[in-house]
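Report on the structure given below.
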Amino acid sequence: MNNSGSGHTLNVAGIIDGTAVDGPGLRTSIYFAGCRHHCPGCHNPSTWAFGSGTDTGIDELLARIADNGFDVTFSGGDPMYQAENLIPLARAVKAAGRNIWCYTGFIYEDIMDKEPYKTLLQYIDVLVDGPYMENLRDPGLPFRGSSNQRLIHLRNGIRQS
């Protein structure tokens with residue numbers, strides 16, 4: 001994969017290679033540090049603190065994604081807080097033919113026309129939106145924790161599930 005974002009770094013709280021819980025198939029899930037949503041019952045509160053991860057270059061992330069050969073999921077924390085620096089990574093991942101899912105506590109309608117989110121969304125295949133709501137927890141839902149969260153398919157026409 002070619003890096004089109006030299007010089008950009010992302011604050012990464014962790015990476016899981018070959019996970020099957022953050023989207024269909026085996027995936028490289030990258031968890032970004034920083035979140036202001038602070039959802040009660042969040043499964044990842046260790047990612048809330050901004051700057052608590054490791055500053056990681058896009059080249060390093062692209063190499064790991066290429067080595068794994070899996071599709072990619074952006075999670076966190078909330079990746080949208082690093083949207084501007086995430087765009088070059090997303091662009092390169094898509095150029096390599098990979099599918100990208102992105103989890104955010106923001107609502108799609110609130111970010112779809114705002115930069116840099118709007119540009120990042122151009123590279124996302126499925127957006128899982130909305131804050132986790134403990135009172136709406138539903139372990140039977142695929143790839144989300146609470147029933148208010150939506151799987152929004154952004155490629156080939158927007159549709160929700």
Side-chain angles (χ1 to χ4, degrees), residues 1 3 5 8-35 37-83 85-106 108 117 120-134 136-155 159-161:
M1 286 186 213
N3 175 9
H8 290 282
T9 62
L10 294 153
N11 198 252
V12 176
I15 300 174
I16 298 179
D17 303 311
T19 182
V21 299
D22 294 330
L26 294 177
R27 308 183 74 79
T28 299
S29 285
I30 305 170
Y31 296 86
F32 296 96
C35 186
H37 304 296
H38 296 192
C39 303
C42 172
H43 75 282
N44 239 349
S46 64
T47 64
W48 289 356
F50 288 86
S52 63
T54 302
D55 287 335
T56 308
I58 289 175
D59 286 334
E60 182 179 340
L61 292 170
L62 289 171
R64 185 142 175 194
I65 291 165
D67 286 348
N68 289 334
F70 305 133
D71 286 329
V72 177
T73 297
F74 299 151
S75 193
D78 193 322
M80 291 299 166
Y81 288 110
Q82 297 187 57
N85 283 348
L86 191 50
I87 291 166
L89 175 64
R91 183 183 304 122
V93 168
K94 288 307 294 178
R98 302 271 176 233
N99 170 278
I100 302 174
W101 278 43
C102 182
Y103 285 79
T104 182
F106 292 103
Y108 171 73
Y117 313 117
L120 178 59
L121 291 176
Q122 294 174 18
Y123 303 103
I124 304 300
D125 294 285
V126 176
L127 183 74
V128 183
D129 82 332
Y132 171 73
M133 299 180 84
E134 199 167 21
L136 297 177
R137 181 179 183 270
D138 186 345
L141 291 171
F143 308 121
R144 54 199 155 159
S146 57
S147 61
N148 64 298
Q149 295 173 311
R150 302 174 294 178
L151 303 179
I152 302 174
H153 301 263
L154 298 175
R155 302 285 70 86
R159 61 184 168 81
Q160 298 176 26
S161 56

Can the ring centres of F106 and Y81 be said to be less than 6.0 Å apart? yes

Looking only at heavy atoms, which two atoms of D125 and K94 are closest? And how far apart? OD2-NZ, 2.7 Å

Quick one: does L61's side chain get under 4.5 Å of I15's, heavy atoms only? yes

Is any NZ, NE, NH1 or NH2 atom of the basic residue among R144 and D138 found under 4.0 Å from an Asp or Glu carboxylate oxygen of the other? no

Would you say the side chain of S75 lies within less than 4.5 Å of the side chain of S29, judging by non-hydrogen atoms? no

Are any side-chain N or O atoms of N85 and backbone N or O atoms of L10, one a donor and one an acceptor, separated by less than 3.5 Å? no

Looking at side-chain heavy atoms only, is the closest gap between V21 and F143 below 4.5 Å? no

Donor-acceptor contact present, side-chain Q122 to main-chain R91, <3.5 Å: no

Got a donor-acceptor contact below 3.5 angstrom from the D55 side chain to the T9 backbone? no

Close side-chain approach of R27 and N99, heavy atoms under 4.5 Å: yes

Answer whether the closest heavy-atom distance between the side chains of I30 and I65 falls below 4.5 Å. yes

Worked check of side-chain hydrogen bond (donor to acceptor under 3.5 Å, both in side chains) between T104 and D129: CA-CA 5 Å; T104 182; D129 82 332; over 6 Å; no

Sub-3.5 Å donor-acceptor pair from the side chain of N148 to the main-chain atoms of P131, do we have one? yes

Any side-chain heavy atom of F74 sitting closer than 4.5 Å to one from I124? yes

R137 side-chain N/O to S146 backbone N/O, donor-acceptor pair under 3.5 Å: no

Taking the side chain as everything from C-beta on, heavy atoms only, tell me whether F50 gets closer than 4.5 Å to N11. no

Could you tell me which residues satisfy side-chain contact (heavy atoms from CB on, under 4.5 Å) with E134, sequence neighbours excluded, listed by chain and number? P40, Y132

Under a 4.5 Å cut-off applied to non-hydrogen side-chain atoms, are Y123 and C102 in contact? no

